> 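Quick one: this structure, given as structure tokens, is what I'll be asking you about.
No experiment lies behind these values; they were computed from the predicted model shown. All ligand and atom numbering here is 1-based and tracks the order in the structure. Scope of the values below: all heavy atoms of this structure, side chains included, with no hydrogens, waters or symmetry mates.
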Amino acid sequence: MAICCIGAGYVGGPTCAVIAHKCPDIKVTIVDINQQRIDAWNSQNIPIYEPGLEEIVFAQRGKNLFFSTDVDGTILEADLIFVSVNTPTKKGGIGAGFAADLAYVEAATRNIAKIAKSHKIVIEKSTVPCRTAESMRKILDANSRPGVTFDILSNPEFLAEGTAIKDLLHPDRVLIGHLDTESGKRAQEALTSVYAHWVPKERIVTTRLWSSELTKLAANAMLAQRISSINSLSAICEATGADVDEVAYACGLDSRIGPKFLKASVGFGGSCFQKDILNLVYLSQSLHLPEVAEYWNQVVIMNEYQKRRFAEQVVRELFNTITNKKIAIFGFAFKKDTGDTRESAAITLIQYFLKENANIRVYDPKVPESQMRYDLVVDGGVDQAHYNKFVTVHDSAYAAAEGCDAVVVVTEWDEFKTLDYTKIYEKMNKPACVFDGRLILPLNKLKDIGFKTICIGKSLPH
Ligand SMILES: NC(=O)c1ccc[n+]([C@@H]2O[C@H](COP(=O)([O-])OP(=O)(O)OC[C@H]3O[C@@H](n4cnc5c(N)ncnc54)[C@H](O)[C@@H]3O)[C@@H](O)[C@H]2O)c1
Ligand SMILES: O=c1ccn([C@@H]2O[C@H](COP(=O)(O)OP(=O)(O)O[C@H]3O[C@H](CO)[C@@H](O)[C@H](O)[C@H]3O)[C@@H](O)[C@H]2O)c(=O)[nH]1
């Protein structure tokens, strides 16, 4: 069997590397139109930081795992084709700001139709709106060579960045949506046989196509909803003296609620949650279900509120002005153990602080300066000259904090928990403040050192 994966990104790369690792009898080729990305996958410096990924890629590459820009040639020889391209939120036109931009999915689908000379099983791996498979089928049928047939499956990916390899090796479930036809069932069995190399049969769930597509949006919306719920409660905690960690812990002990995804924070980031909820909101609006749309939209609104609330608190605690003050930002990635910065809360916070003319000194163990510059200047609208004057990037937390008025913890990197905060305190301006946007620091210890400590969801006397 030969598998082609179109899209060598955060999903295509790790997912198909794990398939190659677990299925030595299958040839897996991951293709992309981005030459630079493919070159990086073929180098010693792979383009994605993900614990455990490098080891798997280095072990399989050149054996049954290949990275290539030969999209057409790979489609031609494949039996199964994963479409794992990006589906960002549309920036213009109908549905701008909400709907998913399906241009990349459509381009990949048209390419498959044009090239295929034999039957292909086309698998939606990208996160797409409900009933996208129907559009893909129409495109394939209308553009294929005579006699060439296709099956379409939905196989959404549930991996989280930072734990992608663990999630792929031990998934809670693998979901395969298929049409209720003989051919659809055969296609589903073919894909099931791939996952069955390592995933227990009872964890491979099969549903109708549309249920599978909707499940992906629903799962992300529900996960994000839990974060917005606890974040909304964090505001009540600060106002009342309750402690959000205690509330989350005690709520999570109820087996019907469970403990996961109840960590209050400066707000969720990442390329998926916001995009997929907005997608669900748009779908609901399109289906003339305004109350449903409004319900889910509130999850995003609460997330924006949380980021803004935290940024305003920093300014307030620094005597209502941060002009020319130095603020150390600990962490730029959207979560720990990844170098991905898409929709990171750090971007929003730094934009806010720059508008107040603060000096920003950033440290992140995995995000290079070029990425920060891209996110803030190219994508984030910060003036280049302003960035050059007010933002510096440092190679350690200690260096970033030197001479600062405040440290703001934005990403929950483990190393921030065990820094020598006495050493940091000594080199900061006084009063020295620590704002813990992730609830990871030993605040009582920091207070004893002399820090003024401010933490989401806790009204600590500082
Ligand atoms: N990032 C995640 O953790 C995650 C998890 C689950 C699902 N998803 C979903 O998976 C999809 C991919 O996400 P990602 O984070 O991997 O995106 P990504 O931007 O990292 O990768 C997508 C890749 O597809 C390539 N591409 C686009 N059009 C192409 C074409 N026509 N032919 C060949 N290559 C093409 C791009 O060059 C890019 O390298 C999205 O729909 C996303 O919502 C992402
Ligand atoms: O209790 C929590 C859990 C997470 N977060 C934040 O939420 C964001 C998203 O985290 P996470 O879900 O762990 O990472 P993602 O890689 O965005 O993964 C989500 O999005 C993927 C893309 O669709 C899905 O496949 C995953 O199942 C889903 O968890 C990050 O900023 C986290 O810091 C919190 O603030 N509190």
> Aromatic rings F330 and Y421: how do their planes relate, parallel, tilted or perpendicular, breaks at 30° and 60°?
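Answer is tilted, since the angle falls between 30° and 60°.
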> Between W413 and Y49, what is the ring plane arrangement, given parallel below 30°, perpendicular above 60°, and tilted in between?
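Rings of W413 and Y49: tilted, as their planes differ by 30° to 60°.
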> What's the shortest distance from atom 16 (O) of ligand 2 to any protein heavy atom, and which residue and atom give it?
E161 N, 2.8 Å
> Regarding atom 18 (P) of ligand 1: of the candidates E106, R37, Q36, which has the closest heavy atom?
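Result: the heavy atom closest to atom 18 (P) of ligand 1 is in R37.
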> Would T127 count as a contact residue for ligand 2, given that I'm defining contact as a non-hydrogen atom of the residue lying under 4.0 Å from a ligand atom?
no
> Find all atoms of ligand 1 within a distance of less than 4.0 Å from any non-hydrogen atom belonging to L159, and give their numbers and elements.
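In order of numbering, the contacting atoms are 3 (O), 5 (C).
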> Just to be sure I read this right, does ligand 1 sit under 4.0 Å from the backbone of I6, its side chain, both, or neither, counting only heavy atoms?
side chain
> Out of all atoms in ligand 1, which are within 4.0 Å of some heavy atom of V11? Include the element for each.
2 (C), 4 (C), 5 (C), 6 (C), 7 (C), 8 (N), 10 (O), 16 (O), 44 (C)
> Could you check whether any heavy atom of K336 sits closer than 4.0 Å to an atom of ligand 2, since that is the contact criterion I want to use?
no
> In ligand 1, which numbered atoms sit nearer than 4.0 Å to a non-hydrogen atom of Y104?
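Within the 4.0 Å cut-off of Y104, ligand 1 contributes 27 (C), 28 (N).
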> Can you list the atoms of ligand 1 that are under 4.0 Å from a heavy atom of K275?
42 (C), 43 (O)
> Using a 4.0 Å cutoff against the non-hydrogen atoms of E412, which atoms of ligand 2 qualify?
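Ligand 2 atoms under the 4.0 Å threshold to E412: 33 (O).
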> So between I38, T69, V85, whose heavy atom ends up nearest atom 28 (N) of ligand 1?
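Nearest heavy atom to atom 28 (N) of ligand 1 lies in V85.
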> For the 3.5 Å polar cut-off, considering only N or O atoms, please tell me whether Y10 and ligand 1 meet it.
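Yes, since at least one N or O of Y10 sits under 3.5 Å from an N or O of ligand 1.
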> Quick check on Y104: does its OH atom have over 12 non-hydrogen neighbours (other residues, nucleotides or ligands) under 6.0 Å away?
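No, because the 6.0 Å sphere around OH of Y104 holds 12 heavy atoms or fewer from other groups.
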> How far is atom 3 (O) of ligand 1 from its nearest protein heavy atom, and which residue and atom name does that atom have?
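For atom 3 (O) of ligand 1, the nearest protein heavy atom is E161 OE2, 3.2 Å.
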> Looking at atom 2 (C) of ligand 2, what's its closest protein heavy atom, distance included?
K263 O, 3.7 Å
> Could you list which atoms of ligand 2 come closer than 4.0 Å to a heavy atom of S265?
34 (C), 35 (O)
> Which residue supplies the protein heavy atom nearest to atom 5 (N) of ligand 2, what is that atom called, and how far is it?
I227 CD1, 3.4 Å
> Are a donor atom and an acceptor atom from the side chains of Q313 and R316 found within less than 3.5 Å of each other?
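Checked: Q313/R316 side chains show no N/O donor-acceptor pair below 3.5 Å.
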> Going by the closest heavy atom to atom 22 (C) of ligand 1, which one wins out of N86, D340, V105?
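Heavy atom nearest to atom 22 (C) of ligand 1 belongs to N86.
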> Under a 4.0 angstrom heavy-atom cut-off, which atoms of ligand 1 come close to S84?
12 (C), 22 (C)
> CE of M222: more than 12 outside heavy atoms within 6.0 angstrom?
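Count not over threshold, so no.
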> Taking both backbone and side-chain atoms of R342, is any N or O found less than 3.5 Å from an N or O belonging to ligand 1?
yes
> Just to verify, which of T411, D414, D364 counts as forming a side-chain hydrogen bond (donor to acceptor under 3.5 Å, both in side chains) with K336?
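Answer to the side-chain hydrogen bond (donor to acceptor under 3.5 Å, both in side chains) test with K336 among T411, D414, D364: D414.
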> For ligand 2, which atoms have a heavy atom of C272 less than 4.0 angstrom away?
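It comes down to these atoms of ligand 2: 20 (O), 21 (C), 22 (C), 23 (O).
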> Considering only the protein, which heavy-atom contact is closest to atom 10 (O) of ligand 2, and what is its distance?
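Going atom by atom, the protein heavy atom closest to atom 10 (O) of ligand 2 ends up being K335 CD, 4.0 Å.
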> For ligand 1, which atoms, with element, lie under 4.0 Å from some heavy atom of K216?
6 (C)
> Identify the protein heavy atom lying closest to atom 9 (C) of ligand 1, giving its residue, its atom name and the separation to 0.1 Å.
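That would be T127 OG1, 3.4 Å.
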> Taking the minimum heavy-atom distance to atom 12 (O) of ligand 2, which of F334, F261, F158, F268 ranks first?
F261
> Taking only non-hydrogen atoms of K260, do any sit less than 4.0 angstrom from ligand 2?
no
> Any idea which atoms of ligand 1 are less than 4.0 Å away from a heavy-atom of S271?
1 (N)
> What atoms of ligand 2 come closer than 4.0 angstrom to any heavy atom of K216?
22 (C), 23 (O), 24 (C), 25 (O)
> For atom 23 (C) of ligand 1, what's the nearest protein heavy-atom neighbour? Residue, atom name and distance, please.
D32 OD2, 3.5 Å
> Could you tell me if T74 and D70 have a donor-acceptor pair between their side chains, going purely by distance under 3.5 Å?
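No.
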> Does even one non-hydrogen atom of E343 get within less than 4.0 Å of ligand 2?
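No, that is not the case, since the closest heavy atom of the residue is not under 4.0 Å from the ligand.
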> Test D276 against every option in T89, N220, T87 by the side-chain hydrogen bond (donor to acceptor under 3.5 Å, both in side chains) rule and name the one that passes.
N220
> At less than 4.0 angstrom from any non-hydrogen atom of C272, what atoms of ligand 1 do you find?
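So the answer, numbered in order with elements, is 2 (C), 4 (C), 44 (C).
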> Can you check whether E157 has an N/O within less than 3.5 Å of an N/O in ligand 1?
no
> Between the main-chain N or O of S126 and the side-chain N or O of E157, is there a donor-acceptor pair closer than 3.5 Å?
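Not confirmed, E157 side chain does not pair with S126 backbone.
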